[in-house]
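We number each residue from 1, following the sequence as shown. Note that ligands are numbered from 1 as they come in the structure, with each ligand's atoms numbered from 1 the same way. Reckoned from all heavy atoms, side chains included, excluding hydrogens, waters and symmetry mates.
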Amino acid sequence: MQPMNDITTNPLLDVSGLPRFGAIRPEHVEPALDRLLADSRALLERALAANREYTWDNLVQVIEDMGERLNRMWSPVAHLNAVMNSEALRAAYNACLPKLTEFGTALKQDERLYRAYKAIRAGGEYPRLSQAQKKIIDNSLRDFRLGGAELDGPAKQRFLEVQQELATLYSKFDENVLDATNAWEMAITDPAELAGLPESAKERARQAAEQDGQPGWKFTLHAPSYVPFMNYADHRALRRRMYQAFVCRASELGPNAGKWDNGANIVRILKLRRESARLLGLADYAELSLKTKMAEGSAQVLEFLRDLAARSRPAALRELEELRRFAADTCGATELEAWDIPYYSEKLRQARYAFSEEDLRPYFPEPQAVGGLFEVVRRLYGLEIVPLPDADVWHPDVRFYEIRDADGQVRGRFYLDLYARAHKRGGAWMDECIVRKRSGAELQVPVAYLTCNFSAPVGDRPALFTHDEVITLFHEFGHGLHHMLTKIDYPSVAGINGVPWDAVELPSQFMENWCWERAALDMLARHYQTGEPLPDDLYGKMIAAKNFQSALQMVRQLEFALFDMRLHTDFDPDTGSVQGLLDAVRREVAAIVPPVFNRFQNNFTHVFAGSGYAAAYYSYKWAEVLSADAFSKFEENGVFDRATGRAFLENILEQGGAREPMELFVQFRGRKPTIDALLRHSGLAA
Ligand SMILES: [Zn+2]
């Protein structure tokens, strides 16, 4: 056996070009990572020891290159683990995770490194560095401080303990929700109790029962089972039963009361977050979270959310009243409880618009939809997208493309993996394969993975997408353009890197807008058999249904965001009641008030199963304001106006995380963002 720790025997260590997917095996993973981590540690020690005066070149660039090299090796591994999962690969992947975490943590805690960055920041070289270089140094210093680098003695020790306990609590919270979700099921043997359900939902439930060797139908709390049942099942008592099980998951109530109760975990998490913020000298956890966001502070976020609530709540109450009247007049329902709302909403939608997503599918054959997307990009930014055959890919369905600009320059390349299949993680996402970087005269072209889970072609028939799927494709492609079109030459602020969490969805949500424009749909939609464009009446119905109950959806998101932000600002976990705060938030902004046994907070994984959305749930709406307002400039100038397209390309897409998102937005839009476009697009304009 040859050792697997050099470039001749281990393809993961070969970073001379694209990943060699055909050659990568699970047994390559750990040796490659071990080798790179050992090299990185040695490199770091050498760089720290070799210099008395630190500079960009002798230290920061070394760290940048080190991180980039690690990502180059790890990116195909993480990607394969997501799209071509196997027992052996998962084992190798999981064996590596703690090593990566340990390395990353040690780097953030390294006091010598922190002192060196501070010295560079204070020295004579800093003012002469480029904007991107300065930003990298400033971001690093910020992250050192937020990681506790300024603390000493017992405070530092305590800070690290708090981080560790939080990590354990996050995974415990997540496990409780998972276990509670998996533990409950509802067996049905009387076919009369299935009335109203679509065939696909019944079939899924039948197969689920069959897999257990049981007769009849089995329903669970997983979305593909739960959602259709709540939307379509005529049997009211069963809907109530299912709703109750769902909203009581991981709580002290419901069918598994107390078994996986997250109540105490929530309080402990809130206390520890507050403690870590205070150790860093900050008022509360929201202040800590917002240090790395575009939003300036919690007061600004609270005002933003309350303003949106004030503007959308009256419409939400009207929508609810409309639903109540429809349920009473058309269906004879005198009560409208939480478990009735999706059911009658679906009936109202059908009565009013008389069309379903399925009606659109024949108009979005894959070649037309993907070709249409490329055409939209060509018109907007003057970019050509051409397929590159013969690429080394991980599955025969995967295709590989190159993006060239008007001068024939290659700007980026991407893999497109569209279809759902076994051993591939669900959902859709964009991920980085290679990041833009310049070394001397040599420019490394960025490469992206674009992954979806659409249904594959059947026989000779091309894959037919729903309109929702086309929107998903545009969304992920927007992230891809942000990554690939960057002109920033330093990986940690190139493309989506270094972009604040509440601004990173701007390019993706922005691209979705074209899926609703007639001129773009003429490129995207052709009947797969007749070749006819999307008929006007179908287009009309699609547009009319777009904002169905949009105010109700808006206030629901605002309820979550306001609850999250207040939990991390004015709430005292020592004395306050989490339920009490949620009730107060609902009184303020909600239209639908759920029953008292609702324990939504106990399965609010966004906020409690990790720190990504903690005091940051508002990010969804925040980025939507930016993307809607950016698009409104195209509405003013023409949706295919080249000058506006170029301005978006140059001011937003090319800039990555090198400058503050507000600065970039103002440069593109000529003013600060306003919420008007979002309200108008949601049908909520005054
Ligand atoms: Zn996204």
With Phe454, the ring pair (Phe, Tyr, Trp, His ring centres under 6.0 Å) member among Phe465, Phe364, Tyr419: Phe465

Verdict with reasoning, Ile266 to Phe604, per side chain to side chain contact (heavy atoms under 4.5 Å, CB included): CA-CA 10 Å; Ile266 292 175; Phe604 197 7; over 6 Å; no

Contact flag Glu476/the Zn ion (ligand 1), N/O/S atoms, threshold under 2.8 Å: no

Report the name of the N/O/S atom of [X] located nearest to the Zn ion (ligand 1).
{"X": "His479", "value": "NE2"}
{"X": "Glu505", "value": "OE1"}
{"X": "His475", "value": "NE2"}

Candidate pair Ser508 and Glu505, rule side-chain hydrogen bond (donor to acceptor under 3.5 Å, both in side chains), full reasoning: CA-CA 5 Å; Ser508 53; Glu505 294 293 334; 2.8 Å; yes

Residue pairs passing the salt bridge (Lys or Arg N to Asp or Glu O under 4.0 Å) test where at least one lies in residues 621-634, sequence neighbours excluded: Lys621-Glu624, Asp629-Arg669, Asp629-Arg671

